[in-house]
Amino acid sequence: MLTPIEGSSDVPFDIKRVYYIYCVDKNVRRGFHSHKNLEQVLICVNGSVKILVKTPFEEQEILLDNPQKGLYIGSMVWREMFDFSDDAVLLVLASEHYDINDYIRNYENYEQIAKKYFEENVGR
Ligand code: T46
C-alpha cells in the first residue's frame, strides 16, 4: 500500500515541518497545549492513539487507528494524545516551522484567549 499526501491539496496548507511520535508508554498522556497559529494534520500511520480536541465551547475524543485517516487541528484548539498502542507511530504534518512562542501550555490562560478568539472568529 502507498498513501501519498500533497501539501495544499490533501491538507489545507503548505507543509513546512514533519515529525513523528512513537515508543510512547500506554499510560503516558502528551500534548496539554494549544497553538496560537499552527495548523496540523495528525495521522496514525501504525497502531492506534486517541486524541482529545477541546475548545472552551466543546470537546471531542477521536480514535486514530487507520493510516488513511487524518485529523486536522486548526489554531487555538487544545489537544491531548493518549492510549498509544505499543506499536503506535503518530505522524504530524505542520503548517509552520517549530516555534516555542506559538505554544499556550497553561489551560486557564488558553481558555481566556480562546474564548475571545472564537467569539471574534466564529461569532460564538
Ligand atoms: C502537537 C502534538 C500533536 C522540537 O524540537 N521540534 C518539534 O518540531 C516538536 C514538535 C517538538 N520539539 C521538541 C520540544 C520538546 O522538547 O520535542 C520535545 C517534545 O515536544 P512536546 O512536549 O511539545 O511534544 P507533544 O507530544 O506534547 O506535542 C507535539 C507537538 O509539540 C505539538 O505541536 O500538536 O505533538
Side-chain angles (χ1 to χ4, degrees):
M1 298 277 282
L2 188 156
T3 302
I5 305 164
E6 299 206 2
S8 300
S9 56
D10 297 313
V11 298
F13 50 79
D14 277 338
I15 300 164
K16 286 204 182 144
R17 177 167 52 110
V18 175
Y19 59 92
Y20 41 96
I21 301 169
Y22 56 99
C23 292
V24 180
D25 282 346
K26 188 139 193 76
N27 56 350
V28 169
R29 203 168 170 110
R30 303 180 65 107
F32 295 100
H33 61 257
S34 167
H35 286 279
K36 295 176 198 161
N37 294 311
L38 187 70
E39 300 170 81
Q40 299 190 113
V41 170
L42 279 56
I43 303 161
C44 193
V45 292
N46 198 60
S48 65
V49 61
K50 287 181 189 152
I51 315 289
L52 172 74
V53 283
K54 186 172 173 177
T55 71
F57 305 102
E58 57 193 329
E59 66 178 71
Q60 202 177 337
E61 199 177 287
I62 294 133
L63 173 69
L64 292 182
D65 61 354
N66 178 343
Q68 294 187 321
K69 185 164 106 178
L71 173 65
Y72 169 79
I73 305 183
S75 49
M76 290 307 294
V77 175
W78 189 264
R79 82 284 319 264
E80 295 169 22
M81 302 87 78
F82 60 101
D83 273 1
F84 284 81
S85 63
D86 286 343
D87 57 351
V89 181
L90 181 61
L91 178 75
V92 183
L93 312 174
S95 64
E96 303 296 337
H97 295 136
Y98 181 65
D99 176 7
I100 198 168
N101 296 313
D102 190 59
Y103 284 73
I104 306 173
R105 291 193 180 270
N106 174 285
Y107 189 76
E108 282 73 37
N109 187 16
Y110 162 74
E111 215 173 14
Q112 232 178 2
I113 301 169
K115 271 186 186 155
K116 201 160 173 267
Y117 172 85
F118 285 110
E119 277 161 7
E120 282 170 6
N121 289 286
V122 196
R124 292 194 68 151

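For reference, positions follow the sequence shown, starting with 1. Heavy-atom basis, side chains included; hydrogens, waters and symmetry copies ignored. Both counts, for ligands and for their atoms, begin at 1 and track the order of listing. Keep in mind it's a predicted model, so treat the numbers as computed, not measured.
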Considering only distance and modelled atom types, tabulate donor-acceptor pairs under 3.5 Å from the side chains of residues 70-78, sequence neighbours left out.
{"unit_1": "Tyr72", "atom_1": "OH", "unit_2": "Glu39", "atom_2": "OE1", "d": "2.4"}
{"unit_1": "Ser75", "atom_1": "OG", "unit_2": "Tyr117", "atom_2": "OH", "d": "3.2"}
{"unit_1": "Trp78", "atom_1": "NE1", "unit_2": "Glu80", "atom_2": "OE2", "d": "2.8"}

Mind running side chain to side chain contact (heavy atoms under 4.5 Å, CB included) on Val53 and Ile51 for me, showing each step along the way? CA-CA 6 Å; Val53 283; Ile51 315 289; 4.2 Å; yes
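Tyr107 has its side chain out of reach of Asn109: every pair of non-hydrogen atoms, C-beta onward, lies at least 4.5 Å apart.
Every protein residue with a heavy atom nearer than 4.0 Å to ligand 1 is included here: Arg17, Tyr19, Ile21, Arg30, Gly31, His33, His35, Gln40, Arg79, Met81, Tyr98, Tyr103, Arg105.
By the side chain to side chain donor-acceptor pair (under 3.5 Å) test, Ser48 is found to be paired with no residue, residues two or more places apart in sequence or in another chain being considered.
Note: Phe82 and Phe84 fail the aromatic proximity criterion, with ring centroids not under 6.0 Å apart.
Sorted by first then second residue, the salt bridge (charged side-chain N to carboxylate O under 4.0 Å, His left out) pairs that include residues 86-111, not counting sequence neighbours, are Lys16-Glu96.
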